[in-house]
Amino acid sequence: MREWLRRAARVLGLALLGWVGLSVLLVLMFRVVPVGGSMVMVERKVEAWLAGESLDIRQQWRPWSQLSDNAKLAVIAAEDQRFPSHHGFDFVEMRRAVMASLKGSDLRGASTLSQQTAKNLFLWTGRNWVRKGLEAWFTLLIELLWPKERILEVYLNIAEWDNGVFGLEAAAQHYFGVSAAALTPVQASRLAAILPNPRGWSASRPSSYVLQRSDWIRGQMRNLGHAYLERL
């Protein structure tokens, strides 16, 4: 019995070590290789297949220099204003979310751009402790092995903006008929405004709430200033 337990522990240890090594290699590879897909894209394709529907995934990789500074700033302003200074986890926002929940408010999200990038690229949607644990692991890896600029570059290239629409280039063309490099502050703020519900809200036909949210985002963009991007 003891020998069996030792063998089982050895096998599990080797499997864990192999998984850790593979995950590190994947993160190192995606530091330099253009990302042409994500696990969320795979999940959407599988969902459509199970529902007996077809889904065309639209996504075109664009390097940092071809992504609008307006979009970079809008996403930071909307999603994670401490992005340049934290190490993957915003404990200030986490504490605020918990305190708001304890006071009876709905539990709000406190995920950073690093966490969202890790989840979108390597994992699946949904909420459970297994996924959250894996998300934390991949978040730590990309924060350790990628510069902030790379994290935001990958996020903008794989974020979901509508059914089958992933990445800033596809979103800019889908909603406004322009390239990712040509987005205006208004267009960028509307794209950032729909990120919490990309399959339910529209950037080109915004509801009153999306318009209000995009106005707030532009105000935050002005407060941060484009020099803020130099901190990345």
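Predicted, not measured: the structure shown is a model, and the values here were computed from it.
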In a table with atom names and distances, give each donor-acceptor pair under 3.5 Å that connects a side chain of residues 27-36 to protein atoms at least two apart or in another chain.
unit_1, atom_1, unit_2, atom_2, d
R31, NH1, L145, O, 2.4

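The distance from the CD1 atom of I194 to the CH2 atom of W201 is 9.0 Å, given to the nearest 0.5 Å. Remark: I76 CD1 to R82 CZ distance equals 13.0 Å, nearest 0.5 Å. The OH atom of Y209 lies 9.5 Å from the CG atom of N197; values are rounded to the nearest 0.5 Å. Going from atom CD of Q59 over to atom CE of M41 covers 4.0 Å, rounded to the nearest 0.5 Å. Atom-to-atom distance recorded for S189:OG and L191:CG is 8.0 Å, nearest 0.5 angstrom. With rounding to the nearest 0.5 angstrom, the CZ atom of R231 is 5.5 Å from the OG atom of S85.
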Pair Q173, V178 - check side-chain contact (heavy atoms from CB on, under 4.5 Å), show working.
CA-CA 5 Å; Q173 294 182 16; V178 300; over 6 Å; no
Residues L229, E149; criterion side-chain contact (heavy atoms from CB on, under 4.5 Å); working and verdict
CA-CA 9 Å; L229 295 175; E149 183 179 296; over 6 Å; no
Any chance you could lay out the side-chain hydrogen bond (donor to acceptor under 3.5 Å, both in side chains) test for Y155 and Q116, step after step, and finish with the verdict?
CA-CA 8 Å; Y155 175 82; Q116 293 179 52; 3.2 Å; yes
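With contacts defined as side-chain heavy-atom distances shorter than 4.5 Å, the pair Q212/S208 does not qualify. At a threshold of 4.5 Å between non-hydrogen side-chain atoms, the residues E79 and S111 do not count as touching. Looking at P198 and D162, their side chains never come closer than 4.5 Å, going by heavy atoms from C-beta outward. Taking 4.5 Å as the limit, some side-chain heavy atom of L140 sits within range of a side-chain heavy atom of F89. Side chains of E135 and L123 form a contact here, defined as non-hydrogen atoms less than 4.5 Å apart. Annotation: side chain of M39 is not in contact with side chain of N120 (no heavy-atom distance under 4.5 Å). At least one side-chain heavy atom of E153 sits less than 4.5 Å from a side-chain heavy atom of P63.
There is no path of hydrophobic side-chain contacts, each under 4.5 Å, that joins I57 to L50. When the side chains of ILVMFWY residues are joined at heavy-atom separations under 4.5 Å, either directly or via intervening members, W161 and L211 end up in two distinct hydrophobic clusters. Note on W49 and V42: same hydrophobic cluster, where clusters join Ile, Leu, Val, Met, Phe, Trp and Tyr whose side-chain heavy atoms are under 4.5 Å apart, directly or indirectly. In terms of hydrophobic clustering, with Ile, Leu, Val, Met, Phe, Trp and Tyr side chains grouped at heavy-atom distances under 4.5 Å, V24 and L16 are assigned to a common cluster. Placement of L232 and L224 within a single hydrophobic cluster is found when ILVMFWY residues are connected by side-chain heavy-atom separations under 4.5 Å, directly or transitively.
In the model, Q66 has no side-chain atom that pairs as donor or acceptor with a side-chain atom of S179 under 3.5 Å.
In terms of heavy atoms, I217 sits closest to A78 at CD1-CB, 3.5 Å. Minimum heavy-atom separation, W124 to R131: O-CD, 2.8 Å. Between L183 and S68, the closest heavy-atom pair is O-OG, 3.3 Å. Here the shortest heavy-atom pairing between S23 and F138 reads CB-CE2, 3.7 Å. A pairwise comparison of heavy atoms in A188 and A74 identifies O-CB, 3.7 Å as the closest pair. The shortest non-hydrogen separation linking G37 to L121 is O-CD1, 3.7 Å.
Using a cut-off of 4.0 Å between Lys/Arg side-chain N and Asp/Glu carboxylate O, K148 and E143 are scored as salt-bridged. By the 4.0 Å N-to-carboxylate-O rule, R62 lies close enough to E169 to be salt-bridged with it.
Around CH2 of W216, the count of heavy atoms belonging to other residues, nucleotides or ligands within 6.0 Å exceeds 12. For H226, the NE2 atom sits in a packed shell: over 12 heavy atoms of surrounding residues, nucleotides or ligands are nearer than 6.0 Å. Enclosure of atom CG in N128 by more than 12 non-hydrogen atoms of other residues, nucleotides or ligands within 6.0 angstrom is indicated.
When each of L141, T139, L152, D90 is checked for a side-chain contact (heavy atoms from CB on, under 4.5 Å) with S114, only T139 meets the rule. Exactly one residue among L168, N157, I158 makes a side-chain contact (heavy atoms from CB on, under 4.5 Å) with W61. That residue is N157.
Counting only distance, with no hydrogens or angles, the side chain of R190 and the backbone of S214 share no donor-acceptor pair below 3.5 Å. Looking only at distances, a side-chain donor or acceptor of K72 sits under 3.5 Å from a matching main-chain atom of W64. A side-chain donor-acceptor contact under 3.5 Å links Q115 to the backbone of T112. Distance alone, capped at 3.5 Å, is enough to place a donor-acceptor pair between the Q187 side chain and the T184 backbone.
The cationic group of K132 does not satisfy the cation-pi geometry with W137, failing either the under 6.0 Å distance to the six-membered ring centre or the 45° limit from the ring axis.
The side chain to side chain contact (heavy atoms under 4.5 Å, CB included) search around R199 returns R44, E47, E160, N163, not counting sequence neighbours.
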